[in-house]
Engineer: 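Would you mind keeping the following structure in view while I ask a few things?
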Amino acid sequence: MKRQAYQPILITDAPRSQDDQLTSRQKRYVLMMGIRVACLVAGAILVGAKAPLLWLWLPLCGLGMVLIPWLAVLLANDRPPKEEHRLSNRFPQRHRDETPPMALPAEERPHKVIDAEP
């Protein structure tokens with residue numbers, strides 16, 4: 001049986017935990033609902049104060065009150081893509097050269113050619 005080469009697992013490659021994902025989605029949802037409430041309050045204040053350009057501000061507040069909850073629910077139910085669906089897995093990995101660029105012996109290093117002008 002052939003043994004596979006040991007490849008260390010990098011912590012940067014580790015996925016976020018389920019609890020961290022849930023917490024971040026909950027925070028995003030609460031923030032978006034807070035923006036919705038702010039749109040509702042701003043619309044009520046604008047109508048009560050009979051603000052100039054009410055015809056412009058009221059539809060913007062109404063649009064925020066309608067679209068933000070829809071987006072908040074979509075984003076709250078979202079999760080990171082599965083490993084087999086990630087775009088980075090679609091392309092072959094490039095192998096890095098193990099030799100640093102200046103690790104060549106002096107006789108193998110490329111030399112600058114200086115053109116001397118008369």
Side-chain angles (χ1 to χ4, degrees):
M1 187 160 143
K2 189 175 181 182
R3 296 186 89 189
Q4 292 184 356
Y6 172 74
Q7 292 188 354
I9 298 173
L10 299 175
I11 190 66
T12 56
D13 293 338
R16 290 176 55 197
S17 71
Q18 294 290 332
D19 292 334
D20 288 343
Q21 290 178 22
L22 179 64
T23 302
S24 67
R25 290 195 319 252
Q26 286 173 340
K27 288 178 184 177
R28 189 182 323 136
Y29 182 81
V30 168
L31 176 70
M32 292 180 83
M33 286 296 122
I35 293 171
R36 178 188 184 206
V37 169
C39 286
L40 178 67
V41 170
I45 290 173
L46 289 172
V47 168
K50 296 181 182 162
L53 298 175
L54 188 63
W55 60 271
L56 175 68
W57 295 113
L58 209 54
L60 287 176
C61 288
L63 193 64
M65 289 185 293
V66 171
L67 286 181
I68 289 177
W70 177 69
L71 287 173
V73 169
L74 284 179
L75 292 174
N77 290 325
D78 194 20
R79 58 164 180 72
K82 291 182 179 178
E83 251 339 280
E84 65 262 11
H85 297 298
R86 294 186 68 171
L87 188 60
S88 63
N89 292 337
R90 300 280 184 205
F91 300 106
Q93 296 290 327
R94 289 190 283 175
H95 297 288
R96 289 186 169 189
D97 188 18
E98 298 297 325
T99 312
M102 296 308 290
L104 297 174
E107 58 272 358
E108 293 180 18
R109 288 188 190 148
H111 300 288
K112 289 185 181 178
V113 177
I114 301 174
D115 292 332
E117 300 246 352

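If you read the sequence from its start, that first residue is 1, and numbering goes on from there. Not measured: the values here are computed from a predicted model. Only heavy atoms go into these numbers, but all of them, side chains included; no hydrogens, no water, no symmetry mates.
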Engineer: Drop me the distance from Leu46's CG to Leu56's CG, to the nearest 0.5 angstrom.
Structural biologist: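 The distance works out to 10.0 Å.
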Engineer: Which pair of non-hydrogen atoms, one from Cys39 and one from Gly64, has the smallest distance, and what is that distance?
Structural biologist: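 Heavy atoms of Cys39 and Gly64 come nearest at SG-CA, 4.2 Å.
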Engineer: Kindly give the heavy-atom pair with the smallest separation between Met33 and Pro69, and that separation in Å.
Structural biologist: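 The pair with the smallest heavy-atom distance is CE-CA, 3.3 Å.
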Engineer: Nearest 0.5 Å, what's the CG-CG distance between Leu53 and Leu58?
Structural biologist: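 Separation between the atoms: 12.0 Å.
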Engineer: Could you work out, with side-chain hydrogen bond (donor to acceptor under 3.5 Å, both in side chains) as the rule, every residue matching Asp20, not counting sequence neighbours?
Structural biologist: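 Ser17.
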Engineer: Rounded at 0.5 Å granularity, tell me how far CG in Leu71 sits from CE in Met32.
Structural biologist: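 These two atoms lie 5.0 Å from each other.
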Engineer: Return the CH2 to CZ distance between Trp70 and Arg36, rounded to the nearest 0.5 Å.
Structural biologist: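 Separation between the atoms: 14.5 Å.
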Engineer: About how many Å separate OG1 of Thr23 and CZ of Arg28, when rounded to the nearest 0.5 Å?
Structural biologist: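 Atom-to-atom, Arg28:CZ and Thr23:OG1 are 11.5 Å apart.
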Engineer: Which is it for Leu22 and Gln26 under the side-chain contact (heavy atoms from CB on, under 4.5 Å) test, yes or no, and what are the steps along the way?
Structural biologist: CA-CA 6 Å; Leu22 179 64; Gln26 286 173 340; 3.8 Å; yes
Engineer: Among the clusters formed by ILVMFWY side chains lying less than 4.5 Å apart, do Val66 and Leu63 turn up in the same one?
Structural biologist: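 Hydrophobic grouping puts Val66 apart from Leu63.
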Engineer: Can Leu75 be reached from Ile68 by stepping across I, L, V, M, F, W or Y side chains whose heavy atoms are under 4.5 Å apart?
Structural biologist: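 Linked within one cluster.
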Engineer: What distance separates Gln21 CD from Asp78 CG, expressed to the nearest 0.5 Å?
Structural biologist: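 Answer rounded to 0.5 Å: 9.5 Å.
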